[in-house]
Amino acid sequence: QDSPPGNVLTLADLSLDEDAHVVTRDGVSVHLSPTEYRLLRYLLINRGRVVSKAQIMATVWDYDFDGDGGVVETYIGYLRRKIAGAELPLRIETVRGVGYRAARR
């Protein structure tokens, strides 16, 4: 129900158009860095599922993860500030000891 057909990923009022490489929230364009875009795309593809820091690192940063998750936490923070404010019907949840999940409020 959340995602229309084609190459657009959606969750609540957030849309990520893979063809145009554009992210919008409630119809308003959201500027993301390339890394933030890849992170959001990965979370949306896996929406509702918890993904670990290791999975995020392997996919978003394209290398095996064997250090601390500081960089993942930093970029999750960037995304939360840009797209997941308190008034929105979506959020990026932290699942302690496991990872993160994009979900509807």
Side-chain angles (χ1 to χ4, degrees):
Q1 171 190 346
D2 275 328
S3 290
N7 292 314
V8 177
L9 301 171
T10 64
L11 182 62
D13 64 352
L14 183 81
S15 295
L16 183 148
D17 185 326
E18 294 186 275
D19 292 335
H21 208 78
V22 170
V23 175
T24 57
R25 192 190 82 207
D26 197 24
V28 177
S29 183
V30 178
H31 175 73
L32 298 179
S33 73
T35 301
E36 291 165 347
Y37 177 91
R38 288 191 307 272
L39 176 56
L40 178 61
R41 180 181 179 276
Y42 186 66
L43 290 170
L44 290 177
I45 287 170
N46 292 285
R47 68 185 171 275
R49 284 180 274 191
V50 179
V51 290
S52 71
K53 290 178 186 177
Q55 290 171 308
I56 291 169
M57 290 294 290
T59 303
V60 175
W61 279 268
D62 198 26
Y63 57 81
D64 290 336
F65 176 64
D66 59 359
D68 73 278
V71 70
V72 175
E73 292 168 7
T74 298
Y75 275 86
I76 290 288
Y78 294 160
L79 275 183
R80 284 178 172 148
R81 282 191 291 279
K82 289 184 177 184
I83 58 101
E87 77 284 0
L88 298 178
L90 71 107
R91 63 179 171 207
I92 300 171
E93 301 173 337
T94 300
V95 180
R96 287 186 79 77
V98 183
Y100 300 95
R101 167 179 46 220
R104 296 175 76 89
R105 281 202 194 279

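- Residues V22 and L16 are members of separate hydrophobic clusters, defined by side-chain heavy-atom contacts under 4.5 angstrom among Ile, Leu, Val, Met, Phe, Trp and Tyr.
- The side chain to side chain contact (heavy atoms under 4.5 Å, CB included) test with Y100 singles out one residue from V95, I56, L39, and that residue is I56.
- Looking at L79 and L32, their side chains come closer than 4.5 Å, going by heavy atoms from C-beta outward.
- In this structure, CD in E93 is found 11.5 Å from CD1 in I76, a value given to the nearest 0.5 Å.
- For the atom pair CG (L40) and NZ (K82), the distance works out to 11.0 Å, reported to the nearest 0.5 Å.
- Residues H31 and Y37 have side chains not in contact (no heavy-atom distance under 4.5 Å, counting atoms from C-beta outward).
- Distance CD1/I92 to CZ/R80: 6.0 Å, rounded to 0.5 Å.
- Here the side chains of V30 and E36 are not in contact, with every heavy-atom distance at 4.5 Å or above.
- For the atom pair OG1 (T59) and CZ (R41), the distance works out to 9.5 Å, reported to the nearest 0.5 Å.
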L44 and L14: CA distance, side-chain angles, deciding distance, side-chain contact (heavy atoms from CB on, under 4.5 Å) verdict: CA-CA 10 Å; L44 290 177; L14 183 81; 4.2 Å; yes
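- At distances below 3.5 Å, at least one donor-acceptor pair connects side-chain atoms of R38 with backbone N or O atoms of V60.
- Heavy-atom minimum distance, L43 versus A102: O-CB, 3.8 Å.
- To the nearest 0.5 Å, the span separating CD on E73 from NZ on K53 amounts to 3.5 Å.
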